[in-house]
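The structure appears below as structure tokens.
These numbers come from the heavy atoms of this one structure, side chains and all, not from hydrogens, waters or symmetry mates.
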Amino acid sequence: MEDTKPEETNVEEQKDEENKVCPEKLEEAKLKAKYPHLGNKPGGSDLLRKRLQKGPKYFDSGDYNMAKAKIKNKQLPAAQTEKTEITGDHIPTPQDLPQRKPSLVASKLAG
Amino acid sequence: MAGAGGGGNDVQWCFSQVKGAIDDDVAEADIISTVEFNHSGELLATGDKGGRVVIFQQETENKSQPQCRSEYNVYSTFQSHEPEFDYLKSLEIEEKINKIRWLPQKNAAQFLLSTNDKTIKLWKISERDKRPEGYNLKEEDGRYRDAATITTLRVPVFRPMDLMVEASPRRVFANAHTYHINSISVNSDNETYLSADDLRVNLWHLEITDRSFNIVDIKPANMEELTEVITAAEFHPHQCNTFVYSSSKGTIRLCDMRASALCDKHSKLFEEPEDPSNRSFFSEIISSISDVKFSHNGRYMMTRDYLSVKIWDLNMENRPVETYQVHEYLRSKLCSLYENDCIFDKFECCWNGNDSVVMTGSYNNFFRMLDRSQRRDVTLEASRESCKPRQVLKPRRVCAGGKRKKDEISVDSLDFNKKILHTAWHPQENIIAVATTNNLYIFQEKVN
């Protein structure tokens, strides 16, 4: 964005001008106000790793059965601390997983 | 060649057809995910989230009535991909068709490549207009005749039948991508093609499904060091050794396969320097390139990022030669667009046949025509309200702030659920296909 800096020395007007010049920064301030814990590197690894793992839920039968048995002490040997995997706390159950069936219905574009 | 020149403001666009259901309740499977004309423009393919492909064929023009424009009618439809489950990784594999690319026609049949996140398939679409009749051992319905009843011998003959269009999968190219495939591109050599996922680009031979060469690998040894991903890739239209891939950081790398087997080192790096004083939280996200397309003449390439379209001269790496704002008024809405995830929408872009006009989609079912030669642009809308035959599309205007003029729509009234992500332009004529969420609109140049 090419914008010439305003020449007014009036501070308030200059702030307005700056806001007009950088609407992105204004938007950034709004976002930080709403989510103060937001990191400073939006394009960094967290966002990308989340993107690389788009969608589907993990189902681990071990976790599932443990949760069913309500074992409080999770003394599971941590063989690999998979720091790269982002798993939620919620353990999905078969009811949570959506039905995966191929479309037997023809596309409406062909109708 | 009809109407190959222009396409911007001197061309008036008229409604021609709309395909798909009218009701607002859209099933997820019906969401259109890709649109592509074949090389002659006679066929138009769409892919959807349900893994289905629908192909439309242009009717042969009625020469005695030139003002009666040819329409696209359903030619073939088939289920290309089905939902799968990767048991090893406990991951669902969506059947959504990410891209369709046609092969140039070599014989009577048509071939296309369609891909979902993990598997590419080569489909053959062929016509059958005659069938053998008069078998000796079988009845017409296929049942075998009792051998005792056969007393004479006859020669089966081919008789004409109603045209049947059959689609059959000829090759399945699987298990070569750990991450999600975002692009496929057929090489000008007509023998190979590339497929790209978030971190790798692979080269395939169309005849060979059990082997693929990795030509780009940007996966870091430690995934925590990951800073960018591949967002799109395409082969050069004429130079079979050249391809480009774009990144989430707004860069494009051009690679030459003659230089080395692994093209991790680019031949050219296209990047526009950023003004550091303008940098914000959103800068990198909105600079992510969602689509890259070479011009037909092979001299330029176009990139689409969240707010703009840029035209690059392949001979100049340090900045684009042209930049067009698609919807600059959204810059002051980035906070809400980040919250509703719209900032991650991936818009595509396309060139017209003679590279003079480019087109891309926006929100509220708006799409933009950017005329390079005339330096003018227009915003049009794909809407059921402008569906009378040959109705001319009226330009739309968005009011960014301040006083809203008559006929303008204010930014806050835009419907961000109505996105036009996929558009296609006929290779020779001024006919465009515009996909809304679940409808396909076909617009044509107004013919007097």
Side chain proximity check, E24(A) to R279(B), heavy atoms < 4.5 angstrom
no

Where on L337(B) is there a heavy atom nearer than 4.5 Å to chain A: the side chain, the backbone, both, or neither?
neither

Residue among V74(B), D30(B), V54(B) satisfying side chain to side chain contact (heavy atoms under 4.5 Å, CB included) with L109(A)
V54(B)

Answer whether the closest heavy-atom distance between the side chains of L334(B) and L31(A) falls below 4.5 Å.
no

With a sphere of 6.0 Å drawn around CD1 of I22(B), does it hold more than 12 non-hydrogen atoms of other residues, nucleotides or ligands?
no

Measure F56(B) against the heavy atoms of chain A and call it side chain, backbone, both or neither at under 4.5 Å.
side chain

Counting only heavy atoms not in E339(B), do more than 12 sit closer than 6.0 Å to its CD atom?
yes

What is the distance from atom OG of S107(A) to atom CG of D48(B), rounded to the nearest 0.5 Å?
5.0 Å

Under the criterion side chain to side chain contact (heavy atoms under 4.5 Å, CB included), which of S336(B), S332(B), C335(B) is the partner of K30(A)?
C335(B)

Examine whether an atom of N73(B) lies under 4.5 Å from a heavy atom of chain A, and if so say whether it belongs to the side chain, the backbone or both; otherwise answer neither.
neither

Given a strict heavy-atom distance threshold of 4.5 Å, which part of T46(B) is in contact with chain A: side chain, backbone, both, or neither?
side chain

Hey, is E27(A) close enough to K333(B) for a salt bridge, meaning N to O under 4.0 Å?
no

Where does I286(B) contact chain A at under 4.5 Å (heavy atoms): side chain, backbone, both or neither?
side chain

